*Asks:* 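Structure below; questions to follow.
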Amino acid sequence: MKLLLHANAKTEARNYRGQTPLHYAARRGNLAAVQLLADHRANLAAAEAGGWTGLMFAARRGHAAVCAELLCRGSGGSGAVSRTNDAGL
């Protein structure tokens, strides 16, 4: 991943579900990849087609370290958690 990012790979590239590399890294609990993507200015609050963010994927899978990293870097902006908690957290 480092080589791709240093070769200017797009951190905001999306698949058919609207998921970015950050979504994959967060869902799998890959803290190093999340940090690397964040360091390369990935949009930490990006939502995929279903409205889920990387933070939501990490929380759903119980990846506490990834959640903490994303929150410390500011990905818990407005809309990350709804009042009714119906958005995946």
Side-chain angles (χ1 to χ4, degrees):
M1 183 182 293
K2 285 181 185 180
L3 291 174
L4 290 171
L5 290 172
H6 288 303
N8 295 319
K10 296 179 181 179
T11 60
E12 300 308 310
R14 292 179 180 262
N15 68 7
Y16 69 99
R17 292 182 182 161
Q19 297 171 347
T20 66
L22 183 75
H23 289 108
Y24 282 102
R27 184 173 57 234
R28 288 175 172 64
N30 189 331
L31 180 59
V34 168
Q35 291 169 329
L36 186 61
L37 288 162
D39 290 345
H40 282 83
R41 299 180 188 232
N43 180 356
L44 304 182
E48 48 92 68
W52 284 54
T53 64
L55 177 60
M56 292 173 179
F57 279 118
R60 177 74 171 116
R61 297 266 176 120
H63 301 305
V66 171
C67 290
E69 182 71 19
L70 290 169
L71 288 169
C72 285
R73 290 185 183 244
S75 81
S78 68
V81 179
S82 70
R83 287 186 183 149
T84 59
N85 196 29
D86 61 359
L89 290 177

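Every value quoted in this text rests on a predicted model; they were computed, and no experiment measured them. In what follows, every heavy atom counts, from backbone to side chain, and hydrogens, waters and symmetry copies are set aside.
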*Asks:* Scan side-chain atoms only and decide if Y24 and N15 contain a donor-acceptor pair under the 3.5 Å cut-off.
*Replies:* yes
*Asks:* What is the distance from atom NE2 of H40 to atom NZ of K10, rounded to the nearest 0.5 Å?
*Replies:* 15.5 Å
*Asks:* Return the CE to SG distance between M56 and C67, rounded to the nearest 0.5 Å.
*Replies:* 11.0 Å
*Asks:* How about CZ on R61, more than 12 heavy atoms from neighbouring residues, nucleotides or ligands closer than 6.0 Å, or not?
*Replies:*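 Not more than 12 within 6.0 Å, no.
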*Asks:* Once rounded to the nearest 0.5 Å, what's the spacing between atom CG of L44 and atom CG of L37?
*Replies:*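 Nearest 0.5 Å value for the CG-CG distance: 9.0 Å.
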*Asks:* State the OG1-CG distance between T11 and D39, to the nearest 0.5 angstrom.
*Replies:* 11.5 Å
*Asks:* How far does CZ of R73 sit from CD of Q35, to the nearest 0.5 angstrom?
*Replies:* 6.0 Å
*Asks:* Judged by atom type as modelled, is there a donor-acceptor pair below 3.5 Å linking the side chain of Q19 to the main-chain atoms of H23?
*Replies:* no
*Asks:* Donor-acceptor pair, E12 side chain versus N43 backbone, under 3.5 Å?
*Replies:* yes
*Asks:* Rounded to the nearest 0.5 Å, how far does CD of E69 lie from CG of L55?
*Replies:*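 Here the rounded value is 11.5 Å.
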*Asks:* Kindly give the heavy-atom pair with the smallest separation between A26 and V34, and that separation in Å.
*Replies:*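 In terms of heavy atoms, the two residues are closest at N-CG2, 3.8 Å.
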*Asks:* List the steps, then state whether side-chain contact (heavy atoms from CB on, under 4.5 Å) holds for R28 with F57.
*Replies:* CA-CA 9 Å; R28 288 175 172 64; F57 279 118; over 6 Å; no
